[in-house]
Amino acid sequence: MGRYLAKRLLLAIPILFGVSVIVFLFLRLIPGDPAQVMLGEKATPQALAEIRQEMGLDKPLYVQYSRYMVKLLQGDLGRSITSHTRVTEELGARFPATVELTIAAMIVALLIGIPAGIISATRQYSFFDNASMFVALLGVSMPVFWLGLMLLWFFSFYLGWFPMSARLDVSFDIPTITNLYVVDSILAGNWAALANSLWHLVLPAVALGTIPMATFARMTRSSMLEVLRQDYVRTARSKGLAERLVIAKHSLKNALIPVVTVIGLEFGLLLNGAVMTETIFAWPGIGKLAFDAIMQRDFPLLQGILLLVAAAFVLINLAVDMIYAYLDPRIHYE
Amino acid sequence: MSKRRILLVSLLVIALVAGMAAMGQAAPKSGGTLVFGRQGDAVSLDPANVTDGESLRVTRQVYDALLDYSEKDTSLRPALATSWENSADGKTWTFKLRKNVKFHDGTPFNAEAVKFNFDRWRDKNNPYHQGEFEYWVGMFGGFPGVVKSVDVVDEYTVQFTLERPVAPFLANLAMSPFAIASPAAIKKYGQEYGNHPVGTGPFKFVKWDRGDKIVLEANKEYWDGKPYLEKLIFRTIPENSARLMELQSGSIDLIDGVNPDDVALAKADKNLQVYLRPSFNVGYLAMNMDKKPFDNPKVRQAVAMAINKAGIVKAFYAGLAEPAKNPMPPSLWGYNAKVKDWAYDPAKAKKLLAEAGFPNGFETTLWAMPVARPYMPQPQKIAEAIQSDLAKIGIKAAITSYDWGMYLDKTSNGEHDMALLGWTGDNGDPDNFLYVLLDKDNAVKPNANNISFYRNEQVHKLLIEAQTISDVKKRTALYEKAQEIIHNDAPMVTLVHSTPPLAGRKYVKGFIPHPTQSESFATVWLDK
């Protein structure tokens, strides 16, 4: 197991290297260079040339790439060409916000989606089944943008139950250690700040978690239905086991295997940054950062974001494979 | 009632109302925190290294420049410089500096500090020349550009030597990007300076949570008097409707970027007030005079009369723009208010077109930008409206578009027949609109800014003369004359000056939106 883990982690290096090459080249194929975008109507040829030179964009691609790689190997992602801040610093400030939101959204999705799927499967065609599958269908097809605005309007603006935006009220000041405000406020022992940051998390997490919640419910239900028709379930039932045990011990573990794959995928997707949710709730995460970086053609920053996201995907995939082995002992790792 | 009596009564009423208004006008109160909501975060707080309005809106509070714009328009007033003199040949400028001013880090402001900043911007080999300095390139023409040297005469006198006389020199110095930063802080932070801004302005930098908020606090030793607000926070709330809701709920005090369609909603809220920012731009339809039939003035005039500007303002700006009759906005000095715009009159336009030899109109292309611009939020839709206006007088215009970079390249190279474009002011000098957009010097392919390719000798003479003198009155007369000639020649149809809306809680007082988008918050106070 340990050796397998090490091997998989080593394998991540060529993957990330490949990603870096592709990202680097593809970004430079997008029409419009950063100098042009920055200057707009004011782009005289002289100004363009001056600014391209200042940005180092006048050098041939292979020179730019080798410079980039040399720095990357030293753990330096370079500086944003618009803000001149270190890319690592930008990511350090923004990625934790996305991680926090994603985890909260996944908790919402798992806590509601999976049980709903199980109950639907065990009581197929019941009222609960029909109702929850209808809601799930609504959930997967609802535009997040619209849902977010409606949640905001109803729960924050109309009822005033939740804050409208941001991660923490401006009156709180906690030392930033991990930049995960929930963790930081616990580390600081500031329980008021903890409550405040959790309170800020609720609506964005519900908005972001709705689609995965619906997906998990539908997946769990169909996978569960399949398992319940298997011979070993019939055997378990004929042994006279309580239905609760049949579901929990014999069926669920097997039914969850495909669901875990989907959970992993959804988790990776959410970590990509939920541009819409972050935009509506003014959540200073990586999705909005990536969007702005694309608009500005901020290559170093975009490269940093994409590498980080790729690394997160690799790790999540690895975690999914590990969970497979736990769920299904037939799966072995060589 | 006799006429005299009516007059007397109305005078009394006016006096009464004015008196009541004066009583209602309470004295400004100090204290409190103002939270400003805006669409995007700042990019960097080193003003010399940014071009975006959101960065400059914040740096405006932290720094001062040598000169400043007036509260309401772009006329100039002293700031860190108290007086200035221009030599007879126009190439040397001498500035007397304000005494006893300190940067927020406690270091003194003096002639050395001014020289340090200018040398950092203009000299590529300066060790602190880190960044692109886009505005320096744009306004002073490269590194070192038009500024030959900056010399310290004594502690509070600094002298600039220019390559040639530059009339808008003072106006350039008032721009937010050319604010004076603490040399000690630049030396200390190097590349990271943009995260640790230190100026002499009314507010000091406290902290910046990226993507979320920037916190400033009052500079109690500000040379122009301590600002009223204790704290000033700029929060990023990207979504326009969400930002307005947050303002309505009262957790923020002032916002920029209100959807035109939401203005009615904000106006109906008794807790809110709506502001319109004076326009600093022009959106226009250029007609390529190098191509037939636009070489014919009658054709151009016919097009000018065929387009329903008021209709465009109503449909695409929700009424929050004014129809443009000149190529520069009315908030600029030198604007010719006497010019009488071409009236919307399709019948007359059709007649004029027939006189020009096109009784049945003609076919042409109409180019539209692929992206929203401050002066034109929906270029494609506006193009469609113009297309249907032109169809009424027989001109069949096919709408064409390219990606933004290509669009600018091709129009600068004169490949279009008619093209939509616009301009946002930089320094508030008429030269920055008229010379840039309509002088023959700028009608040179492939890099034209004058994409009507209008080459009028008389206009050229006027604009060049205005560049070489610094007397504002004389320059005004020259620019007024130029606008008159340009209007009659109709090289472009000036369409709109957009006036972006802002909204705030009623208790926010003393906030005056500035055309440049960077207004000082030193005058703002809270009546609560």
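By convention in this document, chain letters (A, B, ...) are assigned in the order of the sequence lines, proteins followed by strands, and residues within each chain are numbered from 1. It should be emphasised that the depicted structure is a prediction, and the values quoted were computed from it without experimental measurement.
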Revision key, fill the gap. Here the pair of heavy atoms bringing Ser83(A) nearest to Ser44(B) is O-CB, 3.9 Å
Study note, to complete from the structure: Value for CE (Met164(A)) from OG (Ser249(B)), rounded to nearest 0.5 Å, stands at 4.5 Å
Check your understanding: In Å and rounded to the nearest 0.5 Å, what is the CG to CZ distance from Asp41(B) to Arg94(A)?
Key -> 7.0 Å
Practice item. Examine whether an atom of Asn240(B) lies under 4.5 Å from a heavy atom of chain A, and if so say whether it belongs to the side chain, the backbone or both; otherwise answer neither. Key: neither
Revision key, fill the gap. Among Ala49(A), Ser80(A), Ala282(A), the residue with the most heavy-atom pairs under 4.5 Å to chain B is Ala282(A)
Check your understanding: Pick from Thr33(B), Asp46(B), Asn49(B): which one has the most heavy-atom pairs with chain A under 4.5 Å?
Key -> Asn49(B)
Review point. Do the charged groups of Asp173(A) and Lys207(B) touch, with an N to O distance under 4.0 Å?
Key: yes
Practice item. Flag the pair Arg79(A) and Glu192(B) as a salt bridge only when some basic side-chain nitrogen lies within less than 4.0 angstrom of an acidic carboxylate oxygen. Key: yes
Practice item. Please examine the side chains of Gln130(B) and His84(A), heavy atoms only from C-beta on, and report whether any two atoms are closer than 4.5 Å. Key: no
Study note, to complete from the structure: Comparing Ala166(A), Ala93(A), Gly285(A) against chain B, the one with the most heavy-atom pairs below 4.5 Å turns out to be Ala166(A)
Point to revise | Separation of Thr176(A) OG1 from Asp209(B) CG (nearest 0.5 Å) | key: 7.5 Å
**Study point:** chain B contact via Trp153(A) - which portion, at a heavy-atom distance below 4.5 Å
**Key:** both
Study note, to complete from the structure: Taking a cut-off of under 4.5 angstrom between non-hydrogen atoms, the residues of residues 230-239 of chain B near chain A are Ile233(B), Arg235(B), Thr236(B), Ile237(B), Pro238(B), Glu239(B)
**Study point:** Part of Val137(B) lying under 4.5 Å from any heavy atom of chain A
**Key:** side chain
Practice item. Let me know if Tyr193(B) has heavy atoms under 4.5 Å from chain A in its side chain, its backbone, both or neither. Key: neither
Revision key, fill the gap. For Asn195(B) and Thr85(A) the tightest heavy-atom approach is ND2-CG2, 3.6 Å
Check your understanding: Between atom CD1 of Ile280(A) and atom CZ of Arg243(B), what is the distance when rounded to the nearest 0.5 Å?
Key -> 13.0 Å
Study note, to complete from the structure: Which of Ser156(A), Ser165(A), Pro163(A) passes side-chain contact (heavy atoms from CB on, under 4.5 Å) with Glu246(B)? It is Ser165(A)
Point to revise | Leu149(A)/Met245(B) under side chain to side chain contact (heavy atoms under 4.5 Å, CB included): CA gap, chis, key distance, verdict | key: CA-CA 10 Å; Leu149(A) 269 182; Met245(B) 274 194 251; 4.1 Å; yes
Review point. Given a strict heavy-atom distance threshold of 4.5 Å, which part of Phe281(A) is in contact with chain B: side chain, backbone, both, or neither?
Key: neither
**Study point:** 4.5 Å side-chain heavy-atom contact, Arg86(A) and Gln191(B)
**Key:** no
Point to revise | Part of Ile81(A) lying under 4.5 Å from any heavy atom of chain B | key: backbone
